[in-house]
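The structure under discussion appears below in the form of structure tokens.
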Amino acid sequence: MSTNPENRLKDSASPYLRSAAHQPIDWYEWGPAAFDRAKAEDKPMLLDIGAVWCHWCHVIDRESYENPAIAKIISDNFIAVKVDRDERPDVDSRYQSAISSISGQGGWPLTGFLLPDGRPFFGGTYFPPEDQMGRPGFRRVLLAVAESYRSKRPELERAANSLADAVAQAEVFTGARGDFDPAVIDTQIASVTQLFDIKNGGFGRAPKFPHASAMDLVLDRFQQTGEKHLRAMAESTLEKMARGGVYDQLAGGFHRYSVDERWLVPHFEKMSYDNSELLRNYLHGWQVTQNPLFRQTAEGIVAWVNEVLSDQENGGFYASQDADYSLDDDGDYFTWTLDELRAALGPDEAPIMELYYDVEAQGEMHHNPAKNVLWIARDPADIASQFGLEESAVSATIAAAKIKMLAARLPRPTPYVDKTMYVSWNAMFVSAYLDAARVLDGVVAEASRRFALKTLDRLLKEVWGETRGFAHRVGGPALDGSLDDQVFGVLALLDAYEATLESRYFDAAKKTMDLAMARYGDSEGGGFFDRPGDAAPMGGLDVRRKPFQDSPTPGANSIAAIALIRLHAFTGDDLYRLAAQKTLEAFAGIAPQYGLFAATYGLAATLFAHHPLQIVVTGPADNWVAQSLELAAHRVFRFGKAVLRVTPGTDLQHLAGALKETLPHLPADQPLALACAGQTCLPPASDAAQLIALLENGAATPA
């Protein structure tokens, strides 16, 4: 237990910053006080950017920032600033860009050295305390940087100036404009296909990250063209991930990424933004393939989030769960020795689960070779054949054993859950839960709908304003919202409107988008900046930045374009379609080369080229034909599709285009389904099979 007096981080709203409150360093949070002191004392700044879920951030804390000798070097020579990347993505994104251009490395912890005005001149990621494995030790780096600041100041100034200019050019995508060309979708599909791992699913080599937008792009393209290799790509990827160790086989939910190509051994932290987007992938995969594993996986994500990553009483989704409960373990909570498995199960269950999850005396974890990551190695039919049992009996044993193993895991020391609620990530989960309410049925669907709307209502009440839109965080000191908070918020509000037809959600969506266009939009070059024009200065790296790449969440400019296209479909206001076009044009010159890593742009391009599909189902609320038509409308996956359930007397003031012209001629008291896109409608359908056939065969190019 540290005997150091607590530093000023003890009062931070960020759990990551509070975790450093005992360190013998005079840490500052990001803000004017740190810059003022650096200028007054003419000292360089040490910038540490990390996150509460980041294993190596805690390692550098323990090895270096808690080391009294290293802490003294920092105190004597630097003004130290610690930043939570989840709390301040605007700071993180800019310094990631700068430091990676210096060192060729990005990620967390990010270690930057800045001039007193905030301009970076050197940096890297993790430094060991002393020289090792080809990495310079942090002690030596600190002393060398301090000496350079004293003796080579003009060189550092020149380096900082050129670096700031380079980052400014890169971040606003100078020269990226071009005419919008729907052929970009073909280029992106080709990029995704080229990077597809035929053997293991997913894209590229180890480490393997999920690419949720690419999955949706592939699935939507398959729905339009029927190209079987696209379905095979999506199905293989979703199946390998769901069966792998990257998925928590006992409690549900996905870990952040896999260190190997086979999805077996993950980095064990679980992030809100991964699980919301993967939930949607598995729902859409279920719609397209009817593969029961995809539905089970989606329901598993919901079950885990409801249990661990949400405030069920008040509404709201938490930010993350750590990989580890201490620095001395590496996924120990989630992994199993053979003895642990046998102790949790009966003698008739253990042999079956050893085969099912590939649990052996020698596991996959390097730090503790006896530890096994659970992954589905064999199907019940194979195990049944090996033991001479009925497949149904093996399946029943597996189901019962999973419950016992989860119960045995729960008393273990549990990785920390960061209960901070960030608005953009909450909005993403609101949309995902409303998707679950549409695609699933029964208790899960209804509970998902209720919780999504409860969460959204909380966001509107606590962190939304008429003049600034959404803030960034629920609770704690106010944090200005980012572009992500606004545009993901707009999509959540539109999804809620489609689910309820309550005009308050639509009105808030329109107001938020209008504010985003006014405060974040680039009226000359098109697209949106990540911070509003009236945001407080950020120091020496105060560049205007247009977020485009899907990293780690869908690119905010592409999301903005999707929101604008959907708003145009409802309102018919060409202002929104023109803004969407200008946003797409702002990146048209570079989108093809980003390929897989800007797949959200491909989704926006698809929606812009074809217009969102809108389906109105009419008929009395209790009419079983109308109910079956509504279920059928939800059954078919099409990206950006809206299903509106209209009963006699429903206010349809927000409809535009062909729907607005056609609906008045349809009797609202009769069960019918009408699908339109832009100015074109398909023939009305009066039974579910007819509607599904129309949507699957006739809705590819209705516009």
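Starting from 1, each residue takes its place in the sequence as its number.
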Tell me whether Lys240 is salt-bridged to Asp197, with the criterion being a basic N under 4.0 Å from an acidic carboxylate O.
no

Sorted by chain and residue number, the salt bridge (Lys or Arg N to Asp or Glu O under 4.0 Å) partners of Asp484 (sequence neighbours excluded) come out as none

For Arg504, the salt bridge (Lys or Arg N to Asp or Glu O under 4.0 Å) test, sequence neighbours excluded, returns Asp457, Glu502

Between Val616 and the options Leu672, Leu666, Thr650, Leu644, the side chain to side chain contact (heavy atoms under 4.5 Å, CB included) test singles out Leu644

Hits for salt bridge (Lys or Arg N to Asp or Glu O under 4.0 Å) against Lys510, two or more places apart or cross-chain, chain-then-number order -> Asp514

message = Closer than 3.5 angstrom, by distance alone: can the side chain of Arg177 be matched with the main-chain N or O of Gly525 as a donor-acceptor pair?
response = yes

- Task: Examine Arg519 relative to Phe528 and say whether NZ or CZ is less than 6.0 Å from the centre of the six-membered ring and inside a 45° cone about the ring axis.
- Result: no

Residue pairs meeting salt bridge (charged side-chain N to carboxylate O under 4.0 Å, His left out), one or both in residues 675-693, sequence neighbours left out, come to none

Checklist line | Residue pair Tyr433 / Phe317, side-chain heavy-atom distance below 4.5 Å | finding: yes

- Just by modelled atom types, is the Ala212 backbone N or O under 3.5 Å from a matching donor or acceptor in the Asn281 side chain? yes

With sequence neighbours left out, the residues meeting side chain to side chain contact (heavy atoms under 4.5 Å, CB included) with Ala183 are Asp181, Asp186

Sequence neighbours excluded, the answer for salt bridge (Lys or Arg N to Asp or Glu O under 4.0 Å) partners of Glu227 is Arg221

Test side chain to side chain contact (heavy atoms under 4.5 Å, CB included), reference Ile559, set Leu483, Thr600, Val490, output is Thr600

Assess, by modelled atom type and distance only, whether the side chains of His284 and Asp220 contain a donor and an acceptor separated by less than 3.5 Å. no

Should the ring pair His211 and Phe597 be called parallel, tilted or perpendicular, given that the plane angle runs from 0 to 90° and is split at 30 and 60? perpendicular

Is the NZ or CZ atom of Lys511 positioned over Trp464's six-membered ring, under 6.0 angstrom from the centre and within 45° of the axis? no

Self-check item: Side-chain donor or acceptor of Trp263 paired with backbone N/O of Ser258 under 3.5 Å
Solution: no

